[in-house]
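Just so it is clear, the structure is predicted and the values come from calculations on it, not from any experiment.
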Amino acid sequence: MANRRQFLGGLAAGLVGETATTVLNADTVTKSRKGSGSSGKEASTPASSPADLGPSKLATKFWIDPRMAALPAFSWRKVHIEFHNSQFVTRIGERFNADEFGDQLVEAHATCASIFAKDMFGYSYYPSTCGPVHPALSFDMLGAQVSALRKRKIQVFAYYMTTWNLELGERRPEWLVFDRQRTPSLPKFDETFGCSSDEDCGSKKKGRCIQASLCLAHEDFVKGELAHLKELVSRYELDGVWIDGSVPPMECYCFECLRQLREKGLDPLDRRVQYDHKVALHTSFLQRIHQTVSEARPGCMVGPQNEGSYSFGDRIPFINWSCLEGLFTDRISYGYYYPPTVIRYSRGFGLPLYGLTTRFKGFWGDFGGLKLPSQMDLEFATTVANGARCDTGDQMPPSGRLDPAVYHVIGQAYRRIEQLEPYLEQAVPVTEAALLTSGLPLETPCTETNFGWVKLLMESRVQFDVVEPKAEWERYALLILSDELQVDEATASRLRAFVDGGGAVVVTHKSGLLAGTDNTWLEPYGLHYAGSSPFKPAYLVPQVNFTGEIPSYEYALYEGASQWRASSPATALALLGEPLYQRSPQHYTSHAQSPFDHTTSYAAIARSQRVALFAFPLGQSYYNQGYWVYRQAFQKTLSDVFPTRLIQTDAPLSTEVTLTHQAMRPGIGRKSRYLVHIVNFSPVRGTPRHVDFYEDPIPLTNVTIRLNLPVKTSPARAVIAGIDLPVHRTAGGGVEVLVPRVLIHEVLSFEAS
């Protein structure tokens, strides 16, 4: 107990003071370890040999995107300062001091900032002639902020809200978005404007935004926004414009939308017609914004928020970067699997990306909510480990004075990112697999099914991207077909060619069918579809051992299953079981599902050489249930069809392990190197009412990392600890390292010798 208390005391000092545990030099590491009651020698000396991870073999096919190595230089440490003030705020900027503002950002180790030009209420924070200035503002706040940041060589982006505008919506209600009941998107008199993830904002619906949304079909409205942007960019020396609200609601029944659709002979009540119309309006709006900004200030960039949605590639010509909003501690709208999912999808389009979290305890505008530096360290670690830059959301109080406590916390975390930057710049994710998923343009890849898959693949140590069917996924060695993937004839033909060329494919549930039919594209592999199981749950009856010492048992498939027959060359690894009857008011027993009754001849899991089939929605099931047997079954089947992995490790399941690569740069003395990020997720146990927080990290000790690549290096470098580690050559030709300690984040550098 004494050593534990000493460790926690030393940790707390490191979190709130200047003796940070993760400073990148050996002296600091030694001091912090001595402070925790153990000697520096003991902490930094690994065991004699790594753990036995089983057979090793070199990975021969993987993808390193050359576009990411060639990205323009962008800041790794950005702060996004929101500033939304309604007409009820009667004093704006009374405590604002430009030098104090700029110095605060310097002390926070920020090298880029988004500052406010126009907010979601429609008010500007500079003397605009295109729209109302906030009535309580008496000076050019934006101009003063721009000057302060320019003086300190901090990159400047200006926040500009487009379609949310309460002031304009009240003046021009005909421009508002109208829902299917012809109700305009204007807050009712008993509703409170704003968004929240866990409070009702005056309504009874969680996660709902109550705002005044203007429709992009109105040309006069769009022209007004473009004129406003032109004025803004022409007047101030900006590096970029941070665009909010450019994605419209996917349905609008205002007069102009109805007129445009009917003029084209389309049915405005058809939801898909509405959807396509709004996607086209969004793309056109982005194109016009980009042209306006480029003409007004050549070199000024455009960064629309949250563009990491399906068909991202279609919008790339009009975007210079995008911030991918993902609030780790907002369990309603985001959560811990949102950032890695959206980043792994968006990073495949050759564009600089920011992972935008916040300093708030929960959702935006959480005044009084503040995370600990350890929580921020964890969030930044997973952001950079997945290939994105760091952005932290704040909201300046109406007084105009930044909170020192907020920027102390941000600064503690950003100081560590600053020291890591030589290992982040031009570092490209190394991936062996792709999760194939699909949706309509502007729909998010951050679905429950994909979250389940991201969790499962991360726990299985697969290095993967999230891609759409139209992507060039032939570059990967393994494909995972998400549960509801729409596979058309062209995609099916590509998949069969991929398998013929030596690729491995994992098919789940409906992705084994041709879209819109009950016909399967898996017939050549001996896999035959026989309809959906009438039972939910059904049961999984293993035919091979993937549950270790546990005796034979029938495991519930809680989300139901499909029925598939396996014939040569396919074999069933698990069979589908059925209960006594489907539970209903007429047939029931006990509290929950009916118990198992018999095994069928249908396959619940099957394998045909390099093709594996799971006859149930594995991604959705793992998201909903987190059932260990689903993971065990997946990992066993994966090892059969895809035995060689880039990374092997004995780290706990909660650990995130990713691989990146930096090419040689003789000009700065950098050799080619592979980098393994180890992110230690060790949450404090929470109640059902609050999300997990990572405020008291429990260090990982003696973690073995095996890199199955022919890397010629000795020793490896534990970058954050600031120590060299011995490298063991594996029988398969790869390398292994034993990492003595990981508090929150460690980066192993395997530099070419």
Which donor-acceptor pairs under 3.5 Å do the side chains of residues 392-401 make with protein atoms, sequence neighbours left out?
from, atom 1, to, atom 2, distance (Å)
Thr392, OG1, Tyr414, OH, 3.0
Asp394, OD1, Arg359, NE, 2.8
Asp394, OD1, Arg359, NH2, 3.0
Asp394, OD2, Tyr407, OH, 2.6
Ser399, OG, Arg401, N, 3.4
Arg401, NE, Glu100, OE1, 3.4
Arg401, NE, Glu100, OE2, 3.2
Arg401, NH2, Glu100, OE2, 3.3

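- A salt bridge links Arg152 with Asp99; the closest basic N to acidic carboxylate O contact falls under 4.0 Å.
- Under 3.5 Å, the side chains of Tyr125 and Asp119 contain a donor-acceptor pair of N or O atoms.
- Between the side chains of Asp140 and Tyr236, at least one donor N or O sits under 3.5 Å from an acceptor N or O.
- Checking Ser128 against His228 by side-chain atom types alone, a donor-acceptor pair falls below 3.5 Å.
- Gln375 and Thr329 form no side-chain donor-acceptor contact under 3.5 Å, judged by distance and modelled atom types alone.
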Is there a side-chain hydrogen bond (donor to acceptor under 3.5 Å, both in side chains) between Glu695 and Ser374 once you walk through the steps? CA-CA 6 Å; Glu695 300 172 339; Ser374 56; over 6 Å; no
Show me, pair by pair, the donor-acceptor contacts under 3.5 angstrom made by side chains of residues 315-323, not counting sequence neighbours?
from, atom 1, to, atom 2, distance (Å)
Arg315, NE, Glu307, OE1, 2.4
Arg315, NH1, Tyr310, O, 3.3
Arg315, NH1, Ser311, O, 3.1
Arg315, NH2, Glu307, O, 3.0
Arg315, NH2, Ser309, O, 3.1
Arg315, NH2, Ser309, OG, 3.1
Asn320, OD1, Val302, N, 2.8
Ser322, OG, Pro304, O, 2.8
Ser322, OG, Glu307, N, 3.2

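- Glu421 has no carboxylate O lying under 4.0 Å from a charged side-chain N of Arg389, or vice versa, which leaves the two without a salt bridge.
- By the side-chain hydrogen bond (donor to acceptor under 3.5 Å, both in side chains) test, Tyr159 pairs with Asp244, sequence neighbours left out.
- Side-chain contact annotation: Glu325 with Tyr334, donor-acceptor N/O pair under 3.5 Å present.
- Among residues two or more places apart in sequence or in another chain, the salt bridge (charged side-chain N to carboxylate O under 4.0 Å, His left out) test is passed with Arg67 by Asp65.
- Using modelled atom types, one finds no donor on one side chain facing an acceptor on the other under 3.5 Å when comparing Gln155 with Asp239.
- Below 30°, between 30° and 60°, or above 60°: for Tyr694 and Phe681 the angle between ring planes is above 60°, a perpendicular geometry.
- Ring centers of His745 and Phe380: at least 6.0 Å apart, outside the cut-off.
- Using a 4.0 Å cut-off between charged side-chain N and carboxylate O, Glu225 and Arg288 make no salt bridge.
- Partners of Phe96 by ring-ring contact (aromatic ring centres under 6.0 Å, His included), not counting sequence neighbours, listed by chain and number: Phe101, Phe139.
- Glu174 meets the side-chain hydrogen bond (donor to acceptor under 3.5 Å, both in side chains) test with Arg172; sequence neighbours excluded.
- No hydrogens or angles considered: nothing links the side chains of Ser213 and Ser185 as a donor-acceptor pair under 3.5 Å.
- With respect to Arg415 and Glu418, no salt bridge is recorded, no charged nitrogen being found less than 4.0 Å from a carboxylate O.
- Asp377 and Gln412 share no side-chain donor-acceptor pair at under 3.5 Å.
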